[in-house]
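Notes for the one structure printed next.
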Amino acid sequence: GELQAGWHDPANLVLGHPFGSPHLIPLVEVIGNARTGTGVVERARAFYASVGELTVEVKREAPRDIAHRLQMAM
């Protein structure tokens with residue numbers, strides 16, 4: 001949401017966050033929100049799949065990415 005603040009039309013903005021060492025861990029978090037347009041997250045996931053990455057769709061905004069939150073919990 002913070003990244004969309006200055007955009008006139010933020011509907012096409014999604015966040016794609018690769019996990020560390022993408023050549024070793026082919027995993028990307030894809031995050032949209034209520035201001036993200038219909039189908040935009042799906043197109044982003046299809047792009048990452050086309051380059052050999054697996055995706056995880058994050059359904060709500062939260063501080064830090066999934067990997068860092070898991071590391072902090074451990």
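- Here the CG atom belonging to L15 is positioned 10.0 Å from the CG atom belonging to N33, to the nearest 0.5 angstrom.
- Nearest heavy atom pair, residue A44 against residue V30, reads CB-CG1, 4.1 Å.
- Hydrophobic clustering places V28 together with F47 (ILVMFWY residues linked when any side-chain heavy atoms are closer than 4.5 Å, directly or through intermediates).
- Under a hydrophobic clustering in which Ile, Leu, Val, Met, Phe, Trp and Tyr are joined whenever their side-chain heavy atoms come within less than 4.5 Å, directly or via other members, V58 and V14 fall into different clusters.
- Applying the salt bridge (charged side-chain N to carboxylate O under 4.0 Å, His left out) test to E57 and every residue at least two apart in sequence or in another chain returns R45, K59.
- Hydrophobic cluster membership differs between F19 and V51, with clusters built from Ile, Leu, Val, Met, Phe, Trp and Tyr side chains linked at under 4.5 angstrom.
- Smallest separation of non-hydrogen atoms from G52 and P26: O-CB, 3.7 Å.
- Taking hydrophobic clusters as Ile, Leu, Val, Met, Phe, Trp and Tyr residues chained together by side-chain heavy-atom distances below 4.5 Å, V40 shares a cluster with Y48.
- Between L13 and T36 the shortest side-chain heavy-atom distance does not fall below 4.5 Å.
- Between R43 and T38 the shortest heavy-atom distance is NH1-O, 4.1 Å.
- In this structure, CZ on R35 lies 11.0 Å from CH2 on W7, to the nearest 0.5 angstrom.
- I25 is connected to V56 through a chain of hydrophobic side-chain contacts under 4.5 Å among Ile, Leu, Val, Met, Phe, Trp and Tyr, so both are in one cluster.
- The two residues G16 and P18 come nearest to each other via the heavy atoms O-CD, 3.5 Å.
- The line from CD of E42 to OG1 of T55 is 10.0 Å long, rounded to the nearest 0.5 Å.
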